[in-house]
There are 2 protein chains.
Amino acid sequence: MDTKEKNRHVDYDRPACPVEATLELIGGKWKGIILYYLLNGRLRFSELKRTIGCVTQRMLTKQLRELESSGLVSRTVYAEVPPRVEYELTKEGESLKPVINALKKWGESHALKLLEQRQTSEDETR
Amino acid sequence: MDTKEKNRHVDYDRPACPVEATLELIGGKWKGIILYYLLNGRLRFSELKRTIGCVTQRMLTKQLRELESSGLVSRTVYAEVPPRVEYELTKEGESLKPVINALKKWGESHALKLLEQRQTSEDETR
DNA sequence: CCGTATCCCCCACGATACTG
DNA sequence: CAGTATCGTGGGGGATACGG
């Protein structure tokens, strides 16, 4: 009956780790890039899809819904024809900016390089 | 022959997203908390395990190996009895500090709260 | 103490097709 | 245009047992 019954995010029997908690919220497959693009302002569904490029409608919708139910992104439906739906960061989402920027900055200076080097130690033995 | 043949991390046909790249490196199930604890200095395997609490040896080893092959964590084996193995951040790992701290800070001020509120909108409809 | 080796399950993710 | 509906799959994650 208790609503907390099904909260199985960060495990119970451990002092909640804030780093883990954050990753739980922004760690989905497409959440990073979605938030990244939403930093510059609201975007329509189709704009997001086109910008990201290789994401299916299903996955984009799914990730957006999760971000929405986490309170990071808001969804606005305009009663028009053809339909228009816009997504933008909520207040809480805005507060993520320094985090996303930290991820972005480190990504540019380190992550991209490390991803390429990763496991390229097969000829190194010579 | 080309060593890049098997790099299937971030998809090819899209301008690499640095945010995504970073999340790819630190986004594993236990990587966040591991890095979090390693910020304070080197730790033995058993110390990490005890500190985290609810992680199996298999998973802890696995995640550490991934961090190692990404160049973020170094592994030092001491030829002793009983065996002692210590993990610590590499130079590249150290450069992650601002990122981890950003995740931590936001986690404390927002993520933990948001995780609890998430999906607690079942009675809201009344 | 610090790992592998097995076995297994679930679900995140994807491809595809259909609708208001 | 912006979604749902269905179905299929890989592999991330876990439990357990064994070994140097």
Engineer: I want to verify a distance call: between D:dG3, C:dC13, D:dG14, whose nearest atom is closest to the A:K29 side chain?
Structural biologist: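 Looking only at heavy atoms from C-beta outward on A:K29, the closest nucleotide is C:dC13.
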
Engineer: In whole Å, what is the span from the NZ atom of A:K62 to the P atom of D:dA5?
Structural biologist: 14 Å

Engineer: Grab the CE-P distance between A:M59 and C:dT16 for me, whole Å please.
Structural biologist: 16 Å

Engineer: In this structure, how many angstroms lie between the C1' atom of C:dG20 and the OH atom of A:Y78, rounded?
Structural biologist: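 These atoms are roughly 20 Å apart.
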
Engineer: Does any part of the side chain of A:F45, heavy atoms only, come nearer than 4.5 Å to the side chain of A:L64, both counted from C-beta?
Structural biologist: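 With C-beta onward as the side chain, the pair touches.
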
Engineer: Once you round to the nearest 0.5 Å, how far does CG of A:L114 lie from CH2 of A:W106?
Structural biologist: 5.0 Å

Engineer: Looking only at side-chain N and O atoms, does B:R75 come under 4.0 Å of OP1 or OP2 in C:dG3?
Structural biologist: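 Yes, because at least one side-chain N or O of B:R75 sits under 4.0 Å from OP1 or OP2 of C:dG3.
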
Engineer: Tell me the closest heavy-atom pair linking A:Q63 and A:W30, and the distance in Å.
Structural biologist: OE1-N, 3.3 Å

Engineer: Separation of A:L64 atom CG from D:dC1 atom C1', in whole Å?
Structural biologist: 14 Å

Engineer: Among residues 42-50 of chain A, which ones have heavy-atom contacts with DNA chain D below 4.0 Å?
Structural biologist: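 Contacts with DNA chain D under 4.0 Å: A:R44, A:F45, A:S46.
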
Engineer: Measure CG/B:L60 against P/D:dA15 and give the value in whole Å, please.
Structural biologist: 14 Å

Engineer: Are side-chain heavy atoms of B:I26 and A:V19 found at a separation under 4.5 Å?
Structural biologist: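 Not in contact.
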
Engineer: Please find the pair of heavy atoms, one from B:T76 and one from B:R42, that lie closest to each other, and give the distance.
Structural biologist: OG1-NH2, 4.3 Å

Engineer: Is the phosphate of C:dG3 approached by B:Y87 (side-chain N or O, under 4.0 Å from OP1 or OP2)?
Structural biologist: yes

Engineer: Rounded to the nearest Å, what distance is computed from the CH2 atom of residue B:W30 to the P atom of nucleotide D:dG13?
Structural biologist: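 One finds 10 Å between P of D:dG13 and CH2 of B:W30, rounded.
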
Engineer: Taking only side-chain nitrogens and oxygens of B:R58, does any of them come within less than 4.0 Å of OP1 or OP2 of D:dG12?
Structural biologist: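 Negative; the distance criterion is not met.
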
Engineer: Would you work out how much the helix from C:dC1-D:dG20 to C:dG20-D:dC1 bends between its ends, with each end axis defined by five base pairs, to 10 degrees?
Structural biologist: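 That helix gives 50° between its end axes.
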
Engineer: Report yes or no: do B:V77 and B:L48 belong to one cluster of Ile/Leu/Val/Met/Phe/Trp/Tyr joined by side chain heavy-atom distances under 4.5 Å?
Structural biologist: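 Cluster IDs for B:V77 and B:L48 match.
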
Engineer: Report which part of the nucleic acid A:Q63 touches: base, sugar-phosphate, or nothing (heavy-atom distance under 4.0 Å, all strands).
Structural biologist: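 Sugar-phosphate contact only - A:Q63 comes under 4.0 Å of backbone atoms but never of a base.
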
Engineer: Can a salt bridge be assigned to the pair A:E94 and A:K97 using a cut-off of 4.0 Å between side-chain N and carboxylate O?
Structural biologist: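 Salt bridge present between A:E94 and A:K97.
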
Engineer: Round to a whole Å and report the spacing from CD of A:E20 to C1' of D:dG13.
Structural biologist: 14 Å

Engineer: With nearest nucleotides of DNA chain C determined for A:G28 and A:Q57 from heavy-atom distances, which residue corresponds to the more 5′ nucleotide?
Structural biologist: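 Of the two residues, A:G28 wins.
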
Engineer: Is the backbone N or O of B:S74 less than 3.5 Å from a side-chain atom of B:T90, with the two atoms forming a donor-acceptor pair by type?
Structural biologist: no

Engineer: For the side chain of A:P83, starting at C-beta, report the closest nucleotide among D:dG14, D:dA2, C:dC2.
Structural biologist: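 Among the listed nucleotides, the one closest to the side chain of A:P83 is D:dA2.
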
Engineer: Find the distance B:R84:CZ to C:dG3:P and express it as a whole number of Å.
Structural biologist: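 Taking CZ of B:R84 and P of C:dG3, I get 13 Å after rounding.
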
Engineer: Can you spot which of B:N101, B:L39, B:L25, B:L35 makes a side-chain contact (heavy atoms from CB on, under 4.5 Å) with B:L96?
Structural biologist: B:L35

Engineer: State, with a plain yes or no, whether a side-chain heavy atom of B:R75 is found less than 4.5 Å away from one of B:R65.
Structural biologist: yes

